[in-house]
Engineer: 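Just dropping this structure here.
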Amino acid sequence: MMKDWQQFFKDKKVRIVDHRDPEILGTAMASFAVDDTLCESVGRSADQVACRFWVHDNTVVLGILDSRLPDVDNAVLFLQEKGFDVVVRNSGGLAVVLDQDVLNFSFILPDSKEMGIHSGYELMTAFVQDMYRDVTDGIEAFEVVGSYCPGDYDLSIGGKKFAGISQRRVKKGIAVQIYLCLRGSGVERAEMVRDFYREGRASEVERFDYPEVVPDTMRSLSELVGVEMTVENSIVRVLKMLGDVVFEDLSGDELTIFEKRMQQMIDRNQKALK
């Protein structure tokens, strides 16, 4: 079990990569390329971890299975006409909505014997539970049926989901990524994803069960706790919990690795959404 995040981070150098400004990277494709890059560099060290903040304006991030919908072209056009960029990610999961009130942050960890398949999820869950401990003790992790991108580590309060966690292993590094819907209407985000699957004719697929999105299963954290929660406030909470950190963007050979990883993301998206 990996629920003692404080013990895990103890004696490790914590590097912060701050991409909270959507203008820094532009497309969400770059965010997945950056996390892969950090996996390679962090994986070379046993005593370093990275935490990266990222925010993208109106973007729907699809899983590779979403790109195989019977009428994916029409479904993507539906999102684009609503003013959303569409990106296919390289980590697991299905469609999620990103906007200026959704904070993503990643923990990039070195792979090790203690990091089992569930360890990264458990570490992130415990961290977020402590992160908002002053406003709620009701955050639970289980699959919220009817939510978009459902998984065993959906984070919810009273059965209403506000966050989801994914994990990706690259070289000797692990990226544990979370999206936190902090403000705005969780229901409206979910309605758009529900309509995306309808436009893509998901119900006609027999070999895979796409989620039947029930919008009422989704909320923002602000809606759930009755307190205004923002991207900036949440970043402050993360930094306070991590203590001594070093702010350091990509540099040196990481930039070369990033270029390679970015090209892989571009190729993946051109192939998936051709």
Side-chain angles (χ1 to χ4, degrees), residues 16-28 31 51-62 79-80 82-87 89 93-107 124-125 127-141 144 146-151 153-166 176-196 211 213-242:
I16 301 295
V17 181
D18 191 351
H19 292 159
R20 78 182 79 179
D21 180 353
E23 298 298 318
I24 292 176
L25 295 177
T27 172
S31 270
C51 173
R52 189 174 75 89
F53 303 118
W54 40 297
V55 175
H56 291 284
D57 284 333
N58 294 0
T59 300
V60 175
V61 178
L62 305 181
L79 295 174
Q80 291 172 335
K82 284 186 168 290
F84 280 75
D85 190 20
V86 181
V87 166
R89 68 169 167 272
L94 294 165
V96 299
V97 180
L98 306 183
D99 57 47
Q100 62 183 358
D101 289 316
V102 177
L103 171 64
N104 306 268
F105 70 90
S106 309
F107 284 142
M124 181 65 85
T125 297
F127 188 91
V128 173
Q129 286 171 332
D130 285 349
M131 180 176 159
Y132 296 111
R133 186 74 66 184
D134 61 314
V135 292
T136 180
D137 60 1
I139 296 176
E140 299 179 283
V144 177
S147 66
Y148 56 72
C149 196
Y153 290 89
D154 295 338
L155 298 190
S156 61
I157 298 173
K160 307 295 185 182
K161 177 177 172 180
F162 69 94
I165 306 171
S166 63
V176 185
Q177 303 159 328
I178 187 168
Y179 69 87
L180 294 158
C181 295
L182 296 172
R183 292 197 302 184
S185 172
V187 169
E188 288 180 7
R189 293 185 180 103
E191 286 174 343
M192 185 172 65
V193 178
R194 176 199 63 193
D195 294 345
F196 162 78
V213 179
V214 179
D216 189 52
T217 59
M218 305 287 292
R219 295 288 189 278
S220 67
L221 185 58
S222 294
E223 290 175 313
L224 291 169
V225 300
V227 178
E228 183 86 342
M229 308 304 294
T230 66
V231 165
E232 296 299 326
N233 168 268
S234 295
I235 289 175
V236 168
R237 289 169 178 268
V238 173
L239 294 175
K240 183 177 180 181
M241 289 174 64
L242 292 176

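In this chain, numbering begins with 1 at the start of the sequence shown.
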Engineer: Distance from N104 atom CG to H19 atom NE2, nearest 0.5 Å?
Structural biologist: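 If we round to the nearest 0.5 Å, N104:CG and H19:NE2 are 13.0 Å apart.
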Engineer: Quick check: does any side chain N or O of D154 sit under 3.5 Å from a backbone N or O of S156, one acting as donor and the other as acceptor?
Structural biologist: no
Engineer: Please evaluate residues F127 and F107 with respect to the criterion ring pair (Phe, Tyr, Trp, His ring centres under 6.0 Å), reporting the C-alpha separation (whole Å), side-chain torsions for both, the decisive distance (0.1 Å), and the verdict.
Structural biologist: CA-CA 11 Å; F127 188 91; F107 284 142; 5.0 Å; yes
Engineer: State which residues pass side-chain contact (heavy atoms from CB on, under 4.5 Å) with P22; sequence neighbours excluded, sorted by chain then number.
Structural biologist: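 side-chain contact (heavy atoms from CB on, under 4.5 Å) list for P22, sorted by chain: V55, D57.
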Engineer: Would you say that more than 12 heavy atoms from the other residues, nucleotides or ligands in this model lie under 6.0 Å from the CG of D21, or not?
Structural biologist: yes
Engineer: Write down the atom of L94, the atom of P211, and the distance for their closest heavy-atom approach.
Structural biologist: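 Closest heavy-atom pair between L94 and P211: CD1-CD, 3.6 Å.
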Engineer: Side chain of S220, backbone of C181: donor and acceptor closer than 3.5 Å?
Structural biologist: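 Checking the backbone N and O of C181 against the side chain of S220, no donor-acceptor pair under 3.5 Å is found.
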Engineer: Please name the pair of heavy atoms, one in S234 and one in L182, separated by the smallest distance, quoted to 0.1 Å.
Structural biologist: OG-CD1, 3.5 Å
Engineer: Could you measure the distance from the CG atom of L62 to the SG atom of C149? Nearest 0.5 Å is fine.
Structural biologist: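 The SG atom of C149 is 10.5 Å from CG of L62, to the nearest 0.5 Å.
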Engineer: Over all heavy atoms of both residues, which pair between R183 and S222 is shortest? Give the atoms and the distance, please.
Structural biologist: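 For R183 and S222, the tightest heavy-atom pair comes out as CG-OG, 3.5 Å.
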Engineer: Any chance you could measure D85, atom CG, to Q80, atom CD, to the nearest 0.5 Å?
Structural biologist: 7.5 Å
Engineer: Return the set of residues passing side-chain contact (heavy atoms from CB on, under 4.5 Å) with T136 (not counting sequence neighbours), or none when no residue passes.
Structural biologist: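 Partners of T136 under the side-chain contact (heavy atoms from CB on, under 4.5 Å) test: Y132, I139, I157, V225.
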Engineer: Should we say atom CD of Q100 is surrounded by more than 12 heavy atoms from elsewhere, each under 6.0 Å from it?
Structural biologist: no
Engineer: Residues two or more places apart in sequence or in another chain: which of them pass side-chain contact (heavy atoms from CB on, under 4.5 Å) with A163?
Structural biologist: L155, I178, L180
Engineer: Just verifying a value: how many Å separate M218 CE and S147 OG, rounded to the nearest 0.5 Å?
Structural biologist: 5.5 Å
Engineer: Is there a side-chain contact (heavy atoms from CB on, under 4.5 Å) between F105 and R20? Walk through the geometry before answering.
Structural biologist: CA-CA 9 Å; F105 70 90; R20 78 182 79 179; over 6 Å; no
Engineer: Before you tell me yes or no, could you show the steps for L25 and H56 under side-chain contact (heavy atoms from CB on, under 4.5 Å), namely the whole-Å CA-CA distance, both residues' side-chain angles and the distance that decides it to 0.1 Å?
Structural biologist: CA-CA 9 Å; L25 295 177; H56 291 284; 4.3 Å; yes
Engineer: Name all residues meeting the side chain to side chain donor-acceptor pair (under 3.5 Å) criterion together with D134; count only those two or more places apart in sequence or in a different chain, and write none if there are none.
Structural biologist: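 By the side chain to side chain donor-acceptor pair (under 3.5 Å) rule, D134 matches R237.
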Engineer: Any side-chain heavy-atom pair from R89 and V96 closer than 4.5 angstrom?
Structural biologist: yes
Engineer: Just by modelled atom types, is the S31 backbone N or O under 3.5 Å from a matching donor or acceptor in the R52 side chain?
Structural biologist: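 Answer holds: yes.
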Engineer: Would you indicate whether E23, at its atom CD, is surrounded by more than 12 heavy atoms from other residues, nucleotides or ligands within a distance under 6.0 Å?
Structural biologist: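 Open.
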Engineer: Using the rule salt bridge (charged side-chain N to carboxylate O under 4.0 Å, His left out), only one of K161, R194, K160 pairs with D216; which is it?
Structural biologist: K160
Engineer: Measure the spacing between CE of M229 and CG of L103 and express it to the nearest 0.5 Å.
Structural biologist: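 Going from CE on M229 over to CG on L103, the span is 11.0 Å.
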Engineer: List the steps and the verdict of side-chain contact (heavy atoms from CB on, under 4.5 Å) for F53 and V238.
Structural biologist: CA-CA 10 Å; F53 303 118; V238 173; 3.7 Å; yes
Engineer: Which residues pass the side-chain contact (heavy atoms from CB on, under 4.5 Å) test with D99, sequence neighbours left out?
Structural biologist: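 D99 satisfies side-chain contact (heavy atoms from CB on, under 4.5 Å) with N58, V97, D101, V102, R189 only.
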Engineer: Looking only at non-hydrogen atoms, find the nearest pair between A95 and F196 and report the distance.
Structural biologist: CB-CE2, 4.4 Å
Engineer: Just to verify, what does F162 make a ring-ring contact (aromatic ring centres under 6.0 Å, His included) with, not counting sequence neighbours?
Structural biologist: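 Once residues adjacent in sequence are excluded, F162 has no partner under the ring-ring contact (aromatic ring centres under 6.0 Å, His included) criterion.
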Engineer: For the CG atom of L221 and the CE atom of M131, what is their distance to the nearest 0.5 Å?
Structural biologist: 8.5 Å
Engineer: Step by step, work out the side-chain contact (heavy atoms from CB on, under 4.5 Å) result for L98 and V87.
Structural biologist: CA-CA 11 Å; L98 306 183; V87 166; over 6 Å; no
